[in-house]
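To start, the structure itself, in structure tokens.
What you see is a predicted model, and the numbers here were worked out from it, not measured in a lab. Excluded from the calculations below are hydrogen atoms, water molecules and symmetry mates; all remaining heavy atoms, backbone and side chain alike, are included. Chain naming here is simple, since letters A, B, ... match the order of the sequence lines and numbering starts at 1 in each.
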Amino acid sequence: MPELPEVETIRRDLAPELEGRRITAVRIHHDDIIIDALPGAEFRRRLEGRHILAVDRRAKWLLLRLDLGILVTQLRMTGRFAVGRGAVPPLAGFRHVAAEFDLDDGRTLFYDDVRRLGGFLLLSEPEWALEESRFGPEPLDSGFRAADLGQALRRGRAPVKNALMDQSRVAGVGNIYASEALHRARIDPTRPVSDLTDEEVRRLHRSLRRILRSSLDSSGTTFRDYRAVNGRSGSFQTLLEVYGRDGEPCTNCGQVILRIVQAGRSTYYCPGCQR
DNA sequence: CTTGTACCCTGACCGC
DNA sequence: TGCGGTCAGGGTACAA
């Protein structure tokens with residue numbers, strides 16, 4: 001799924017399209033995208049007629065705040081949105097539409113998801129508050145200091161790459177930005193979090209925020225499946241220094257970038273300058 | 001408690 | 001052209 005910069009890009013795209021609109025009809029083509037296992041008919045009944053007050057983000061989740069409850073969505077690996085007029089979105093790549101939400105201005109919000117790993121939850125405020133309490137701090141919040149990152153990371157002995165992706169420690173960081181931030185901070189991804197020095201935590205804090213911010217400026221990384229709203233691509237992939245670049249020379253020291261597997265996912269790093 | 005592994009699902013890609 | 005294996009930016013349930 002898209003990570004923090006991608007989900008935030010989608011949020012910025014969707015907000016002006018959806019805020020103030022009313023949902024007039026809902027069509028669900030695959031019940032398995034209703035994550036809380038609400039029957040499709042019940043999900044529809046509870047959504048139709050609702051007003052969308054605001055579009056927010058927390059970690060990698062999008063929140064459509066309604067006049068009654070919150071429609072929470074998670075795109076996981078291949079979820080996408082489009083807003084358009086007509087029965088089928090006029091776009092390449094929308095071949096697996098799983099849900100459609102008609103709006104009161106005559107347009108439709110389409111949700112497409114090839115693998116159907118993503119989907120929706122319809123929650124009350126207290127239910128969302130409970131879900132939300134599991135997330136660590138937002139790394140781009142102005143109040144998020146190096147000391148906060150240190151506190152979040154220095155628990156147990158997990159490899160720092162795994163810890164960065166743990167949503168209960170820091171919210172919104174996934175596989176791409178974990179690798180990129182560690183490379184920029186010159187930290188070996190296999191290092192146990194308990195061994196990081198204060199200086200290394202400060203470097204990681206700075207690198208992580210810089211990378212997330214500049215990716216956001218590029219509308220995210222379209223490496224494979226991710227698209228912003230209506231098929232728009234991000235461009236940060238041209239600025240990736242290690243992700244997907246195994247076998248190429250490190251831009252910093254020239255050594256060959258390696259791919260290893262941590263917690264079942266690919267990690268890319270430079271054994272020359274990441275210590 | 002923390003950490004690792006299997007799994008959900010489909011499609012793209014690579015080597016033979 | 002076909003076939004099998006591997007991989008994919010995520011998160012969860014469950015095991016150790």
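- A:G264 comes within 4.0 angstrom of nothing in the nucleic acid, heavy atoms only.
- When distances are taken from the side chain of A:R157 to each of B:dT10, C:dG10, B:dT3, the shortest belongs to B:dT3.
- Distances were taken from every side-chain heavy atom of A:R265 (C-beta onward) to each of B:dT3, B:dT10, C:dG11; the shortest belongs to C:dG11.
- Of all nucleotides present, none satisfies the Watson-Crick or G-U wobble test against B:dC9 with each distance under 3.5 Å.
- A sub-4.0 Å separation between OP1 or OP2 of B:dC8 and a side-chain N or O of A:R115 is absent.
- Rounding to whole angstrom units, CZ of residue A:R154 and C1' of B:dT2 are separated by 18 Å.
- For the pair A:R134 and C:dT12, the criterion of a side-chain N or O lying under 4.0 Å from OP1 or OP2 is met.
- In this structure, the CH2 atom of A:W61 is 13 Å from the P atom of C:dG10, given to the nearest Å.
- No side-chain donor-acceptor contact under 3.5 Å links A:R115 and A:T78.
- Remark: P of C:dG10 and OH of A:Y243 are 8 Å apart, rounded to the nearest angstrom.
- Nucleotides C:dC3 and B:dC9 have their P atoms positioned 23 Å apart, rounded to a whole Å.
- Separating the CD atom of A:Q262 from the P atom of C:dC7 is a distance of 15 Å, rounded to the nearest angstrom.
- The aromatic ring centres of A:F110 and A:F94 sit 6.0 Å or more apart.
- Counting only N and O atoms by type, the side chains of A:Y269 and A:T190 include no donor and acceptor under 3.5 Å apart.
- For the pair A:H96 and B:dC9, the criterion of a side-chain N or O lying under 4.0 Å from OP1 or OP2 is not met.
- For the pair A:R169 and B:dT3, the criterion of a side-chain N or O lying under 4.0 Å from OP1 or OP2 is met.
- Using a 4.0 Å cut-off between charged side-chain N and carboxylate O, A:D198 and A:R154 make a salt bridge.
- At whole-Å resolution of the value, CZ in A:R80 and P in B:dT10 are 16 Å apart.
- Put simply, OH on A:Y268 is 9 Å from C1' on C:dC7, counting in whole angstrom units.
- Within the nucleic acid shown, A:R259 comes within 4.0 Å of sugar-phosphate atoms alone, with no base atom in reach, counting heavy atoms only.
- Between the CZ atom of A:R155 and the C1' atom of B:dT3 there is a distance of 12 Å, given to the nearest Å.
- The shortest distance between the side-chain N/O atoms of A:R95 and the OP1/OP2 oxygens of B:dT10 is not below 4.0 Å.
- Taking side-chain N and O atoms only, A:N162 has no distance below 4.0 Å to OP1 or OP2 of B:dT3.
- The residues A:E200 and A:R191 are annotated as salt-bridged, a charged nitrogen and a carboxylate oxygen being separated by less than 4.0 angstrom.
- Within 4.0 Å (heavy atoms only), A:S266 reaches sugar-phosphate atoms of the nucleic acid but no base atom.
- The NZ atom of A:K161 sits 14 Å away from the C1' atom of B:dT3 (whole-angstrom rounding).
- Only one option out of A:E138, A:E132, A:E6 pairs with A:R57 in a salt bridge (charged side-chain N to carboxylate O under 4.0 Å, His left out); it is A:E138.
- Heavy atoms of A:Y177 sit nowhere under 4.0 angstrom from any nucleic acid atom.
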